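Here's the structure, in structure tokens; my notes come after.
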Amino acid sequence: MARFCNICSRSFPTQRGFQAHCTSYHRHPKPKALPRVIQYHPLLSARPCNAEGEYLEDPDAPPPPHDIREGFDPFPNRPSFEAGELLYEKMAASKGDLEQLFRILHAQKILDGHNAEDNALFSSHQHLLDMIDAIPYGDSEWTTFIIRYTGAVPPDAPKWQQESYVVHARNSRTVVENMASNPDFDGSWNTRPYREFDEHGTRIYSNLLSAHWSWKQADLIAQDPETHGAMFVPLCIAADKTTASVATGNQEFHPVYLMAGNVTNEMRRAHRDAVVPVAFLPIPKAEAEYANSPDFRLFKKQVYHLALWLLLDPLRPGMTTPQVLRCPDGHFRRSVFGIGPVIADYPEQVYLSGIVQGWCPKCQALPDELDGVGVSRSRAHTCELWETYMFDPGTLWDSFGVVNDVTPSTYYFPCADIHELLTPDLLHQLIKGTFKDHLVDWVVTYIRLNAATEREANQILDDIDRRIAAAPTFPGLRRFPQGRNFKQWTGNDSKALMKVFLPALSGYVPDAMIQCLAAFFDFAYLARRPSHDTTSLDAMDTALARFRQLCVVFVETGVRPDGFSLPRQHALLHYTQMIKLFGSPNGVCTSISESKHIAAVKRPWHASSRNKPLLQILVRNTRLSKLAAFRVELGRRGLLHGDVVSDALHQVITCLSLIAHRCVFLSYIIGLLTIISAQQGRVPGLHALVRRFLREQLYPGIDDPDEAVPLNICPWVPHSLHVGVHRVATATFFAPSEFCGSGGPHYDTVFVQLSDDPGMYGMGIARVRSFLSFTHDFVLYKCALVEWFELVGDEPDPVMGMWVVEPDIQNGERAISLISIDSILRSCHLIGSYGHTRIPNDFCFSDTLDAFRRYYVNPYADYHINELLK
């Protein structure tokens with residue numbers, strides 16, 4: 001059911017999404033951001049104007065009013081709108097199922113005594129589609145272009161020269177207008193390039209408009225005085241081929257997505273309307289005889305670039321002459337478009353930049369020397385190479401890695417350098433590439449090379465899998481019941497495996513190999529931060545240098561005798577520079593486009609007849625855009641308050657407002673009593689623990705340890721003291737680099753703040769057994785019953801790079817005490833120190849925290865912990 005947040009002025013298509021938003025942002029509001037100094041671009045200042053492009057005399061004037069129409073037209077009311085949204089978008093019900101449902105509802109209405117001509121919600125499947133098609137918002141029709149081979153076509157020409165290739169594209173200008181006017185983006189839309197500094201004067205890179213590239217583009221645009229006062233709108237492009245089904249004819253699609261770079265990274269990753277499918281590119285096919293012929297490969301690239309040019313051409317006038325756009329805050333602004341960062345994996349980058357496979361699209365490092373950075377590529381330099389080697393394409397190919405007869409589509413647009421615009425790709429270069437395809441495979445290869453027999457190698461790999469499966473639970477941590485032994489890897493699988501992989505290798509690979517992986521993990525977790533500064537970028541360079549230095553272990557052990565000239569690993573060398581150009585990589589990553597495949601391609605494909613499904617996919621995407629835009633508009637009008645039932649009751653019962661509040665309050669009380677039902681905890685010595693806890697709370701200046709203080713001088717409490725046992729607790733943590741966060745489930749092991757010393761030197765590790773509360777002298781005390789772990793050594797383990805802890809044993813039992821919940825910093829994750837011990841086949845992960853003598857404090861459980869410890 002559609003819901004609307006009054007505080008944020010943002011709509012949500014589902015009740016679950018609305019509740020998650022309220023929990024994350026309003027029940028646990030963000031802490032105040034640290035002091036920041038922001039410098040805005042002085043010339044491209046995004047001054048408000050009227051609809052004709054004339055600047056307002058008063059820059060603080062309120063925006064012009066929006067449409068204030070009431071009602072849900074073309075839908076008769078809210079229930080019919082939400083039913084249409086549910087049936088068409090969420091459930092994607094088939095035509096036959098919908099017809100049957102409507103007939104059943106119609107029959108029930110007749111039995112209830114209504115007129116037989118009165119329909120229930122919709123009269124038919126087509127009636128529902130007609131209502132969606134009549135929505136006047138979010139409309140961006142698809143246009144079809146035909147591309148054909150224009151060379152000589154003899155009668156016996158191959159089939160690919162005779163076929164027509166269809167490009168389906170939306171009007172990119174209309175898409176940008178719809179995106180810019182979306183009120184959901186109000187507060188998350190940067191109108192001006194800016195430079196952000198912390199209180200120490202350190203530059204911070206986060207969103208696209210906070211980085212060097214946007215400021216540099218603004219300087220170039222501002223050379224024309226006519227653009228002064230305008231808003232810069234960089235348009236990010238994501239191209240990513242996907243397969244909807246291998247089983248039914250290997251149905252491949254090549255969607256292109258458009259994103260406005262003004263939208264913040266957080267909103268772009270969270271809001272589905274921030275990433276819009278704008279085109280489906282043709283995928284030329286040829287018979288096996290011609291599939292690898294130079295002419296066909298050249299033709300495929302030419303079709304690709306021509307299609308992109310046709311897609312982006314409607315934006316070209318706005319790249320030199322300001323166009324008037326309505327922004328999320330309601331104001332009109334004169335806007336200048338620009339081709340922004342291009343998001344693609346390596347094979348797509350090769351196509352986009354017009355380089356030879358195996359070369360780097362960012363620099364001129366030779367394919368067999370990718371362990372270093374070469375001279376940067378640029379549009380100007382490539383044009384010079386074309387002119388110099390016009391009649392010597394072999395030298396251009398072999399010496400510079402440039403294809404002489406392919407002109408990248410971006411060359412037809414001003415200030416667009418494709419070599420500069422290609423972004424870091426966390427998913428394919430870092431997570432699935434370097435980690436999953438390289439490091440994991442190399443570790444397996446080492447084990448197979450060094451095991452005495454194949455059987456022993458398999459036994460070792462099985463034990464590694466059992467170690468991975470033995471990792472304790474943690475909020476957001478995926479379980480691996482069979483270890484890493486599964487066939488279909490996703491990006492989330494690879495990210496989850498990174499969290500628990502390192503300790504599982506203990507005793508089976510050389511220390512240098514573990515140190516190499518640890519250095520890579522440090523680099524990966526730094527790269528995934530939502531914001532960066534000089535310190536984090538220097539740490540990334542240090543971690544990457546250490547990783548590349550330690551990689552020699554794979555050469556020395558025979559795993560990689562030919563070295564590491566790999567394009568995806570080479571790309572990591574450009575990361576810090578690209579972060580300075582485009583901000584945090586998590587806002588310009590292919591994971592954004594790949595997640596969009598589900599809604600834009602795969603679900604519409606499953607809802608199609610599978611017979612020529614592309615046209616059906618296009619129609620469905622158009623209708624989904626209309627529903628999404630209409631939901632936003634209804635929310636802006638204030639027509640989506642409460643759920644559909646309370647809204648209906650409100651229209652027929654004038655006093656419902658009071659009733660609704662009572663219902664909400666009552667449900668809150670019931671939920672509270674369910675969660676914190678008071679029970680006396682059955683813990684030996686709990687009475688003494690409570691008295692010692694009270695002494696610490698009432699007399700915090702006394703430094704004597706609790707166990708050294710006689711119990712008779714501690715505050716007295718009756719043995720009949722009522723203690724509430726809390727079965728569930730919620731953790732909310734805000735990392736310094738991200739002032740946002742979501743609640744996590746119950747604690748298991750936690751970081752406890754013991755002093756103001758940095759990192760682990762000021763923290764302890766404890767395992768929460770129960771959360772308790774009691775009242776003493778009319779004061780409510782909230783505390784936790786914990787078992788303690790103590791640090792082993794004063795530094796992290798030199799091999800793993802992780803802190804090591806062991807249970808604190810007193811009198812043969814694990815030491816327990818009560819601590820204030822205010823001292824709990826956040827949850828932590830412990831992984832057993834396996835050593836050379838093999839895990840039994842029937843071992844259960846739930847026993848891990850009781851089974852081992854020592855544990856690693858996992859810094860890779862999530863990037864919040866990584867930032868806390870590193």
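All values below come from the heavy atoms of this structure, side chains included, with hydrogens, waters and symmetry mates left out. Numbers here simply count residues along the sequence, with the first being 1. Since the structure is predicted, the reported quantities are computational estimates derived from the model, not experimental observations.
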If you take all heavy atoms of [X] and [Y], which pair is closest and at what distance?
X    : Y    : answer
C360 : R377 : O-NE, 2.8 Å
C415 : R379 : N-NH1, 4.3 Å
N178 : S181 : O-OG, 3.2 Å
F523 : L572 : CZ-O, 3.9 Å
N50  : F332 : O-CB, 3.7 Å
G261 : L208 : CA-CD2, 3.6 Å

Is any NZ, NE, NH1 or NH2 atom of the basic residue among [X] and [Y] found under 4.0 Å from an Asp or Glu carboxylate oxygen of the other?
X    : Y    : result
D198 : R203 : no
D533 : R529 : no
R316 : D313 : yes
E89  : R631 : yes
E867 : R528 : no

>> Taking the six-membered ring for Trp, are Y412 and H305 closer than 6.0 Å centroid to centroid?
In response: no
>> Counting the benzene-type ring for Trp, do F81 and F630 have ring centres under 6.0 Å apart?
In response: yes
Is there a donor-acceptor contact under 3.5 Å from the side chain of [X] to the main chain of [Y]?
X    : Y    : result
K626 : I135 : yes
S595 : I592 : yes
Q323 : T321 : yes
K241 : E252 : no
K596 : V276 : no
R326 : A180 : no
R620 : P604 : no
S188 : T264 : no
N182 : E177 : no
N190 : R192 : no

> Are more than 12 heavy atoms from other residues, nucleotides or ligands located less than 6.0 Å from atom OH of Y137?
Replying inline: yes
For [X] and [Y], which I'm curious about, is there any donor-acceptor pair between the side chains at under 3.5 Å?
X    : Y    : value
D425 : T590 : yes
Q357 : Y351 : no
S625 : R170 : yes
H41  : D219 : yes

> Going through the distances and angles, do L581 and E420 end up as a side chain to side chain contact (heavy atoms under 4.5 Å, CB included)?
Replying inline: CA-CA 9 Å; L581 282 176; E420 180 184 49; 4.2 Å; yes
Assign the ring pair [X] / [Y] to parallel, tilted or perpendicular, where the plane angle (0 to 90°) is split at 30° and 60°.
X    : Y    : value
H597 : Y257 : tilted
Y411 : H419 : perpendicular
Y205 : H212 : perpendicular
W189 : F185 : parallel
W142 : F280 : tilted

Nearest 0.5 Å, what's the [atom1]-[atom2] distance between [X] and [Y]?
X    : Y    : atom1 : atom2 : value
Q616 : N621 : CD    : CG    : 12.5 Å
C589 : N265 : SG    : CG    : 11.0 Å
S531 : I204 : OG    : CD1   : 6.5 Å
I339 : D417 : CD1   : CG    : 12.5 Å
T576 : L537 : OG1   : CG    : 6.5 Å
M319 : L235 : CE    : CG    : 6.5 Å

Heavy atoms, side chains only, cut-off 4.5 Å: are [X] and [Y] in contact?
X    : Y    : answer
P585 : I579 : yes
K602 : T242 : yes
S591 : L426 : no
P414 : T320 : yes
V233 : M231 : yes
V406 : V403 : yes
P361 : Y346 : yes
P341 : L422 : no

> Taking it one step at a time, do D273 and M179 satisfy side chain to side chain contact (heavy atoms under 4.5 Å, CB included)?
Replying inline: CA-CA 7 Å; D273 298 328; M179 198 180 306; over 6 Å; no
> Do H532 and M540 pass the side chain to side chain contact (heavy atoms under 4.5 Å, CB included) test, and can you show the C-alpha distance, the side-chain angles, and the key distance before you say yes or no?
Replying inline: CA-CA 10 Å; H532 292 268; M540 283 180 64; 3.9 Å; yes
> Stepwise, does the ring-ring contact (aromatic ring centres under 6.0 Å, His included) test hold for F145 with H168?
Replying inline: CA-CA 7 Å; F145 303 97; H168 299 283; 9.4 Å; no
> Per the side-chain contact (heavy atoms from CB on, under 4.5 Å) rule, which among L312, L311, I343 passes with I237?
Replying inline: L312
> Partners of Q429 by side-chain hydrogen bond (donor to acceptor under 3.5 Å, both in side chains), sequence neighbours excluded?
Replying inline: Y575
>> Using the rule given for side chain to side chain donor-acceptor pair (under 3.5 Å), can you reason through Y55 versus R334, listing the C-alpha separation, both sets of side-chain angles and the distance that settles it, and then say yes or no?
In response: CA-CA 9 Å; Y55 288 124; R334 301 171 74 235; 2.9 Å; yes
>> Quick one, S140 with T622, criterion side chain to side chain contact (heavy atoms under 4.5 Å, CB included). Give me CA distance, side-chain angles, the key distance, then yes/no.
In response: CA-CA 7 Å; S140 180; T622 300; over 6 Å; no
>> Quick one, R623 with D133, criterion salt bridge (charged side-chain N to carboxylate O under 4.0 Å, His left out). Give me CA distance, side-chain angles, the key distance, then yes/no.
In response: CA-CA 7 Å; R623 288 170 175 156; D133 292 337; 2.8 Å; yes
